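Since the structure is predicted, the reported quantities are computational estimates derived from the model, not experimental observations. We number each residue from 1, following the sequence as shown.
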Amino acid sequence: MSPDELTELAKLYHIDGWTQEELANRFDISRVKVGRLLKRAVAEGIVEIRVRLQHPPNTTAALERALIERFGIRRAIISVDHKDAGRQRELLAGLVARYLDQTLTDTSVVAVGMGRNVSAVPEHVVSSQRRHCSFVCAIGGSYRGGEAMNADQTCRQMAIRFGGESVTLYAPAVVSDTQIRNALLANDTVRQSLTKAQHADVALVGVGDILEDSNMVRMGWFTSQEITQVRQLGVVGDIMGYDFIDIDGNLADTPLVGRVIGLTIDHLRHIPEVIATASEPTKVTGILGALRTGAIDTLATTQSIAQTVLNLAQATDTNGRVVTRAS
C-alpha cells in the first residue's frame, strides 16, 4: 500500500470513524491486514496518538470495584463508551488483549470460545513478547456464521499473535441427538482436545443474548420461533453460546441440552480464570445472569453496560446478595 493510501486508511479510521470491517471492504483487504496497516501508520509517524481523558480515571475504577463487590468476581475490565458498535467492540477487545498480554506465560493453556467479542481479541494484540502458549477450542465448529462463530479460527489467530500452538477440536459444535454426541465424546481425538480445554488455565468466552436474529438463529441452531419460546420461559442469555440461563443464573432446559460438543458451565467453574466479554447493550440481562452463575472471574464490558447491570442487580435482588465462584 502506498503512503497516500495508508494515510487515507488511517484518516478514515481515526477521524471519520470507519470500522476495520468497512476499511477491509473499501480497500479489498482482510481485517487482519487492516489492523497491521493501522499499526504501521503509527510506527511510521503518519498517525500520532495523544490520549486526552474525557472521563476521570476513577469513573471506570469505581465501576470495577462495584462489580467486584457485588458479584464476588476477581476483576472487571471496563471500556469507555462509543456510539459505534464496531468501534465499541474493538475498544473492549483491545483491553482484553492487553490484559492477556500482561498475564499469559509460556505454559498458559487458554480455552477459547466463539462469538464476535471473542474473535475480535487477537486482532488487537500488540506484543513483542513471544510465548509458547496453547490455545484450544472450547467448542466445536460450525459452517454457518462465519469466522467469528468458529473457535478454531480464533485459536489460530491467538497463536499467531501471542506465539504458541493452536489446538483444534475436530467435531461439530452441535449434533442432532445425544447418542451422536456421546459417540463423538468417546473418540480419542475429540476427547484429548476437550480434556485439554477442561484443564485450561484461562477461558475466554462470550455472553449471548436471546433475540430472533441472534447468532443461534443465524447458525441454524434455533428457529426464531424457538427463540421466542425459550425467552418466554425466562431465559435471558447464554454463556459459551449454548448454556442458557435465566436472570438468576440458573441453567435452562433448551433443545440444545445434550447436543453440544464443548465445555459447559460446570467445566468453566473448575478453570482458574474465566474471562467473559460482551460489548452489546442487548446483553445486559444475559451478563447479569452469567455473573450470578458463579462461573465468571473477570468481566470485560463497557461503562454504560456495567452501570446498567449494577442497577438491574439492585432492582432484581433486594437481598443484596454476593455470588461467589465455586471452588
Side-chain angles (χ1 to χ4, degrees), residues 20-21 24 30-36 89 93 96-97 100 104 108-125 127 130-176 180-181 183-208 214-216 218-221 238-243 256 259-265 267-268 271 273-278:
Q20 290 195 18
E21 184 174 355
S30 68
R31 287 187 64 183
V32 172
K33 188 168 184 179
V34 169
R36 291 172 182 164
R89 190 176 302 114
V96 175
L100 289 173
L104 295 184
S108 295
V109 176
V110 184
V112 179
M114 64 179 186
R116 289 177 297 176
N117 287 286
V118 173
S119 67
V121 172
E123 299 178 21
H124 297 277
V125 174
S127 177
R130 303 296 293 173
R131 305 169 179 83
H132 299 288
C133 302
S134 292
F135 299 93
V136 55
C137 297
I139 187 171
S142 173
Y143 72 93
R144 295 183 181 180
E147 293 181 354
M149 294 298 111
N150 278 285
D152 184 56
Q153 177 67 20
T154 306
C155 282
R156 293 176 187 274
Q157 291 301 315
M158 295 279 265
I160 290 171
R161 295 301 183 93
F162 284 112
E165 64 172 353
S166 172
V167 180
T168 300
L169 177 56
Y170 291 102
V174 177
V175 294
S176 58
I180 296 175
R181 176 180 180 269
L184 283 169
L185 292 178
N187 176 272
D188 185 60
T189 301
V190 173
R191 186 173 64 250
Q192 284 190 38
S193 296
L194 271 180
T195 298
K196 186 160 190 171
Q198 290 167 14
H199 292 87
D201 304 296
V202 179
L204 178 61
V205 303
V207 177
S214 69
N215 293 327
M216 302 299 101
R218 288 199 296 272
M219 290 191 293
W221 294 7
D238 68 80
I239 299 177
M240 283 287 300
Y242 58 88
D243 264 341
L256 288 184
R259 294 172 47 206
V260 175
I261 312 297
L263 299 187
T264 66
I265 286 181
H267 291 135
L268 294 179
I271 292 177
E273 178 165 19
V274 176
I275 305 169
T277 177

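In this structure, L204 and M158 have side chains that are in contact, with non-hydrogen atoms separated by less than 4.5 Å. In this structure, the side chains of L184 and P172 come closer than 4.5 Å at one or more pairs of heavy atoms. Using a 4.5 Å heavy-atom cutoff, the side chains of Q157 and E123 are not in contact. Between I160 and V32 the shortest side-chain heavy-atom distance does not fall below 4.5 Å.
The line from CD of E165 to SG of C133 is 10.0 Å long, rounded to the nearest 0.5 Å. Note that CZ of R89 is 11.5 Å distant from CD of Q20, once rounded to the nearest 0.5 Å. We find the OG-CZ distance between S108 and F135 to be 8.0 Å, quoted to the nearest 0.5 Å. Summarising the geometry, atom CE belonging to M114 is positioned 13.0 Å from atom SG belonging to C155; distances are rounded to the nearest 0.5 Å. To the nearest 0.5 Å, atom NE2 of residue H199 and atom NE2 of residue H267 are 9.0 Å apart. A distance of 5.5 Å separates CG of L104 from CZ of F162, quoted to the nearest 0.5 Å.
Under a 3.5 Å cut-off, the side chain of R131 and the backbone N or O of G163 do not form any donor-acceptor pair. For N187 (side chain) and V190 (main-chain N/O), a donor-acceptor pair under 3.5 Å exists by modelled atom type.
Taking the side chain to side chain donor-acceptor pair (under 3.5 Å) definition, one finds that D243 meets it with nothing, sequence neighbours left out. Under the salt bridge (charged side-chain N to carboxylate O under 4.0 Å, His left out) criterion, R130 pairs with no residue at all, not counting sequence neighbours. Applying the side chain to side chain donor-acceptor pair (under 3.5 Å) criterion to K33, with sequence neighbours excluded, gives no partner residue.
Contact between R191 and L185 at its shortest, heavy atoms only, is CB-O, 3.7 Å. For N150 against G141, the heavy-atom pair with the smallest separation is OD1-CA, 3.2 Å. Among all heavy-atom pairs drawn from C137 and A151, the shortest one is SG-C, 3.8 Å. Nearest heavy-atom pair across L169 and I261 is CD2-O, 3.9 Å. The two residues P122 and R161 have their closest heavy-atom pair at O-NH1, 2.9 Å. Summarising the geometry of A276 relative to V207, their closest heavy-atom pair is CB-CG2, 4.0 Å, with the distance given to 0.1 Å.
In summary, the side chains of D152 and T168 do present a donor paired with an acceptor at a separation below 3.5 Å, with no hydrogens or angles considered.
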Go through the steps to decide whether V109 and V167 satisfy the test side chain to side chain contact (heavy atoms under 4.5 Å, CB included), and finish with yes or no. CA-CA 10 Å; V109 176; V167 180; over 6 Å; no
